[in-house]
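What follows is a set of notes on a single structure, which appears directly below.
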Amino acid sequence: MGDYPSRSVDTDAGGPGATDGRDWAAGSGVSPSSPGHPPLGGGGALPKKSRFSTESGFRALSTAAGAMVLVIIVAIAIFLVSKAMPALQENTENFLTYKRWFPNDANPNFGIAALAFGTVLSSVLALLMAVPVALGIALFLSHYAPKRLATPLGFTIDLLAAVPSVVFGLWGRDVLLSPVRDFSEWLNKYFGWIPLFGGNGPFGRSVLLGSLVLAIMVLPIITSLSREVFQQTPGMNEEAALALGATKWEMIRTAVLPYGRPGVIAAVMLGLGRALGETIALALTLSATFDISFNLIESGGNTIAANIANTFAEANDTGRGALIASGLVLFAITLVVNMAARVIIYRRREFRDNAA
Amino acid sequence: MSVLEREASVGMTPEHIRSQRLPLVVNIGIGVLALVLSAVLVLSTGIGNWVLVVVLGVVLYLVGLLAAATRVEGRRSARNRLWRSLVYAACVLAVLPLASVVWTLVSKGAARFDGDFFLTSMNNIGARDENGGAYHAIVGTLEQVGIAALLAIPLGVLGAIYLVEYGRGKFALTVRFFVDVMTGIPSIVAGLFVLAFWVLIVSPWFNNGVPRFSGFAAALALTVLMLPTIVRSTEEMLRLVPGPLREGAYALGVPQWKTILRVVLPTALPGIITGIMLAIARAAGETAPVLLVAGGAPFINFDPFLGNQSSLALFVYQQAGDASKYAQPRAWTAALTLVALVLILTIAAKLLARRNRLSR
Amino acid sequence: MKLQRVGYAAGIALTATLALTACGSDNEAAGGGENVSSENCVAGTIQAQGSSAQKNAMDEWIKAYQGQCSGAQINYNPTGSGAGIEAFINGTADFSGSDSALKEDEQPQADAKCAGGQALNLPMVTGPIAVVYNLEGVDGLQLSAPLLAKIFSDKIKTWNDPAIAAENQGAKLPSSAIQAVHRADESGTTDNFTKYLSKSDEADWTYGNAKAWKAPGGVGATKSDGVASQVKSTPGTISYVELSYAENSDLSMAKIKNGAGEYTELTGESAGKAVEGAKIVGTGDDLKLELDYTTTEAGAYPIVLVTYEIVCSKGSPKADAIKGFLTYTSSEAGQKELGDLGYAPLPESVRSKVEASVANIS
């Protein structure tokens, strides 16, 4: 990483300085060729002059910058594994199936079963709440709202994405808590016979609260991507449906939704990726217990990420290693989810490009 | 298409084309009726309060509307109506939390929104002290985000240049794919990575073998988070630069690197800056990485390489869990400051994007 | 041109940043130190870290001390007891705060840092742990250790259980379920509370003591503020929390039965009495205490947490500065400063011994 300075110098050269007269002799550079691939201008016919020219240097530099992304992803995996291994070796329980988290004990015992369960439960619940609403907004913005309204509303939704998660967490803990508690008590009173809403309290700082906050946070992601694909529906498909006498909803159902489905699936998966990794908002709203329970309204719930934020301060060496190990699992899960989402998007992009 | 086919044969007779519309009066009437009915139902049985009245009212209204419209306008049109109402309802539902967040921020954050808050730190502030501020946290946020930007911008822009101008073949595709994947890396994982790599392995080399938190470590974590965002947005902007501009430069004998730096980059610059500002806004709001690798501190620490540092987001988190009764107002004011900072950056970026002549 | 405008904007932002940088204050001149007698003043910078339970006390002391002694700077970083001791052994902390005295394996490592002397455990801050509950119409709930042990291990499940009623004659106990709330994250508070339970009622409490909660049942809540807000908002809950959180949230505190058979209310005085009844097991200047949770001292509130400062008796390069600061904290004025912060002052008998030990630091 020692070559930052030279990079930034190069970048600066294209900036404001471009207008004042640093006079590079016209012939001193090289031909506009990139070895192997003729650029847009087709200037590859000019001969290459020297191997260590500015051109090849710049090219190497930008290639290195591009490769940096791969390096970082690999480095994340390597360093997390290297710090997680010692702790995992000291673990006296099965890391994957044990439910509790006592890595700081004299004989460390910890496992991510409850944490992983809580992570998946809260994320899935958040998506169940967020996806219908997000699709509704996306449709509203793309097909229902007049442009005057769609622009500011779309802007507002984007702003929702910009609000930091700690603020949502604080809001969830201080404002949303009491309505959610009332609602939970009501649910418990009338629907307590459903195991999801059973238990005898206390209610409030529960999976329900956490996933509500989470739902609000993933809403803008799903909305903006779905809106984009809905807007890309070929006009001809829509017009054809309308010409056949379809009502607006029928047009949407027969033309817009099928066309946008892969995009929506990808959007949902990106939202899932975000929900799985959300930390502070859940650290502030969940109760951090280590149970595997489907009860949504009783105080409880925990996630891998929230557990890291909650227990990091009091962790010793093994404890830190254990947390890093749990982070590694989270990294693997989000990596898979994100890769799947991207594969869907990429396939679709190719399809569209070919069709065009 | 089967639905259309099936129903088209019925619907397309002349008397159906100009179908009857449900009068507005009936529409409103159903609404009022639904609300009254729901109020009577709920309040007489005592199973809930006004919230349930409204929710049940809306449901009854939708059902009633569906029934009435089916009678007057036909089944398809009624469904159309129903779905439109649901789409509108989704919008209202989404705006509610945002309004609540903004209202709470302003009403609770205003209490400590004074000069003292922005000009003092938490050093020497005990549990009994009402004052104390976020100056040290603001300094920390600015330094960490600044360093992260210094690292991520050149790296990100160059990476995008590679993808657009030089990258061909499998390797470029792989890089591009993983840039996209990397945007989804949770911030806590980035924090753990820097904890494992910088704080636990590298920092002891400079500190007599003892791991040390620092603002720079937080900046590294933020770099990991900003990099993919910057690469993606820059890449998109560079792709919008018209080919003839490049061709013109090549035709004049300008080498490719100079074409990129002097022609392509300046043309795309406003769009690139928009992307960078959005990335900075996102980074400024991150709490988890700062918590893991910078540790937080109550005093002003200008040196990002030496010792604990706080940040605004971390300050919010820590004050939120403090026992002092003066801590909550501090947390809310800091949250207000943070949101204001992030929103100003975001809005400025979007306005800049709107004026961008390259945008679609 | 646009580029220039961007340049301007950047310039303005930079200037604003610099302007902001120029006028921030670290509250250096904060007053409030009238009680520091000036002969204790020793200039110098001390790096300390450790127990977060001491944080508020340290903040207050540092403020008072620095306000009076120009040139003295003390940084106390609440990283947790374990990290504090680690830092002391590594030599990065000049002294460290800890919720428990040095363990047998830690003592020699810490001694190695003190050339010609040893590492001392000096009790400095007493933090009582309140048992808080939320029951409408019940004031001054009276509980004994066996009751607490059974409640927190899910053996007593309702408020009107005969065992509770027997200790609370005349109180209108509801038939609702007991919600025992415990800390879900690791904390010294849990450690001390469970230590109290295991020492005073071994038969009913079989889970030992640890920073992590190990008993079955109950409801978790994160951090002290989470516990306090959970109890505050939910009828039928009971939990344990540091006194400052209980006071700030206006929670009802139970009276706890001590070894003398009295139900004692938690006050600074009653908590101090429990420390007074503690046995000093350290030798010489080392004042390692062993709390007697079944103390028969009259009027003592048994659930207290004593936190120590771990310092070198000899050989610390900053000995003078540390001595100056600790002389203040162990003085009568220093202890009085902790009044309404949720701490209890050290009882005179212990305080004078601490003061004497501090005086021997060289």
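Letters A, B, ... mirror the listed sequences (proteins, then strands); counts begin at 1. Quick note: numbers below take in every heavy atom, side chains included, and nothing from hydrogens, waters or symmetry partners.
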Check whether any side-chain heavy atom of B:Trp257 lies under 4.5 Å from a side-chain heavy atom of A:Ser56, and answer yes or no.
-> no
The interface call for B:Val179 against chain A, heavy-atom contacts under 4.5 Å, is both
Let me know if B:Ser100 has heavy atoms under 4.5 Å from chain A in its side chain, its backbone, both or neither.
-> both
Honestly, the part of A:Trp186 sitting under 4.5 Å from a heavy atom of chain B is side chain
Return the orientation label for the A:Tyr346 and B:Phe177 ring planes: parallel under 30°, perpendicular over 60°, tilted otherwise.
-> perpendicular
Contact leader toward chain B among A:Leu276, A:Asp174, A:Thr223, where contacts are heavy-atom pairs under 4.5 Å = A:Asp174
Would you name the heavy atoms of A:Ala65 and B:Leu158 that are closest together and state the gap between them?
-> CB-CB, 3.5 Å
Is any side-chain heavy atom of B:Arg79 less than 4.5 Å from a side-chain heavy atom of A:Thr247?
-> no
Do B:Leu195 and A:Phe312 have side-chain heavy atoms sitting under 4.5 Å apart?
-> yes
Verify side chain to side chain contact (heavy atoms under 4.5 Å, CB included) between A:Phe58 and B:Ile161, making sure each step is shown before the conclusion.
-> CA-CA 10 Å; A:Phe58 185 70; B:Ile161 289 176; 4.1 Å; yes
So what's closer than 4.5 Å to chain B heavy atoms on A:Leu160: side chain, backbone, both or neither?
-> both
What orientation do B:Trp83 and A:Trp249 show, parallel under 30°, tilted 30 to 60°, or perpendicular over 60°?
-> parallel
Whatever's closer than 4.5 Å to a heavy atom in chain B on A:Thr156 counts as both
Among the options B:Leu82, B:Val181, B:Val264, B:Thr174, pick out the one with the most heavy-atom pairs lying under 4.5 Å from chain A.
-> B:Val181
Knowing that exactly one of A:Lys248, A:Glu250, A:Met251 qualifies, which makes a side chain to side chain contact (heavy atoms under 4.5 Å, CB included) with B:Asn80?
-> A:Lys248
If one checks every heavy atom of A:Ser326 against chain B at 4.5 Å, the contacting part turns out to be neither
Tell me, side chain or backbone of A:Leu153 under 4.5 Å from chain B's heavy atoms, or both, or neither?
-> side chain
Contacting moiety of A:Phe168, where chain B heavy atoms sit under 4.5 Å = side chain
Quick one: what part of A:Phe331 sits under 4.5 Å from any heavy atom of chain B, side chain, backbone, both or neither?
-> both
For A:Val175, is it the side chain, the backbone, both or neither that has a heavy atom under 4.5 Å from a heavy atom of chain B?
-> side chain
A:Glu278 and B:Ile188, any side-chain heavy atoms less than 4.5 Å apart = no
Out of B:Pro244, B:Gly159, B:Ala90, which one racks up the most heavy-atom pairs below 4.5 Å with chain A?
-> B:Ala90
Go through the steps to decide whether A:Ile308 and B:Leu292 satisfy the test side chain to side chain contact (heavy atoms under 4.5 Å, CB included), and finish with yes or no.
-> CA-CA 9 Å; A:Ile308 296 173; B:Leu292 294 192; 4.1 Å; yes
So, do A:Pro164 and B:Val342 sit near enough that their side-chain heavy atoms are less than 4.5 Å apart?
-> yes
Within-4.5 Å side-chain heavy-atom neighbours: B:Leu343 and A:Leu159 = yes
If one checks every heavy atom of B:Leu163 against chain A at 4.5 Å, the contacting part turns out to be neither
Under 4.5 Å from a heavy atom of chain A, the part of B:Leu345 involved = neither
Interface moiety of A:Ile73 toward chain B, non-hydrogen atoms closer than 4.5 Å | side chain
pair A:Leu170-B:Lys108: side-chain heavy atoms closer than 4.5 Å = no
Below 4.5 Å from any heavy atom of chain B, which atoms of A:Val337 appear? Answer side chain, backbone, both or neither.
-> neither
Please flag which part of B:Ala335 lies under 4.5 Å from any non-hydrogen atom of chain A: side chain, backbone, both or neither.
-> both
Which answer fits A:Phe140, side chain, backbone, both or neither, if we ask what part of it has an atom under 4.5 Å from a heavy atom of chain B?
-> both
Assess whether atom CZ of A:Phe79 is packed by more than 12 heavy atoms of other residues, nucleotides or ligands within 6.0 Å.
-> yes
Given a strict heavy-atom distance threshold of 4.5 Å, which part of B:Val95 is in contact with chain A: side chain, backbone, both, or neither?
-> side chain
Which is it for B:Glu286 and A:Val166 under the side chain to side chain contact (heavy atoms under 4.5 Å, CB included) test, yes or no, and what are the steps along the way?
-> CA-CA 8 Å; B:Glu286 287 293 351; A:Val166 66; over 6 Å; no
Contact origin within B:Gln328 toward chain A - heavy atom pairs under 4.5 Å | side chain
A:Ala283 versus chain B, heavy atoms under 4.5 Å apart: side chain, backbone, both or neither?
-> side chain
Part of B:Arg84 lying under 4.5 Å from any heavy atom of chain A = both
What are the two closest non-hydrogen atoms of B:Phe171 and A:Ala67, and how far apart are they?
-> CZ-CB, 3.9 Å
Identify the two heavy atoms, one from A:Ile280 and one from B:Ala288, that lie closest to each other, and give their separation to 0.1 Å.
-> CG1-N, 3.9 Å
Do you know which of A:Ala305, A:Ala145, A:Ala75, A:Ala313 has the most heavy-atom pairs under 4.5 Å to chain B?
-> A:Ala75
Proximal component of B:Leu227, with respect to chain A [non-hydrogen, under 4.5 Å] = side chain
With chain B, which of A:Lys189, A:Arg173, A:His143 has the greatest number of heavy-atom pairs at distances under 4.5 Å?
-> A:Arg173
Do you know which of B:Ala196, B:Ala89, B:Ala249, B:Gly191 has the most heavy-atom pairs under 4.5 Å to chain A?
-> B:Ala196
Count the heavy-atom pairs under 4.5 Å between each of B:Ile153, B:Leu86, B:Leu52 and chain A, then report the option with the highest count.
-> B:Leu52
Side-chain contact, heavy-atom cut-off 4.5 Å: A:Phe183 with B:Val51?
-> no
Given a strict heavy-atom distance threshold of 4.5 Å, which part of A:Ile137 is in contact with chain B: side chain, backbone, both, or neither?
-> both
Which portion of A:Ala130 sits near chain B, non-hydrogen atoms under 4.5 angstrom | neither
Of the backbone (N, CA, C, O) and the side chain (C-beta and beyond), which part of B:Ile347 lies under 4.5 Å from a heavy atom of chain A, both, or neither?
-> both
Side chain to side chain contact (heavy atoms under 4.5 Å, CB included) with B:Ile185: of A:Leu330, A:Ile76, A:Thr334, only one passes, and it is A:Ile76
Answer with side chain, backbone, both or neither: which region of B:Leu252 has an atom nearer than 4.5 Å to a non-hydrogen atom of chain A?
-> neither
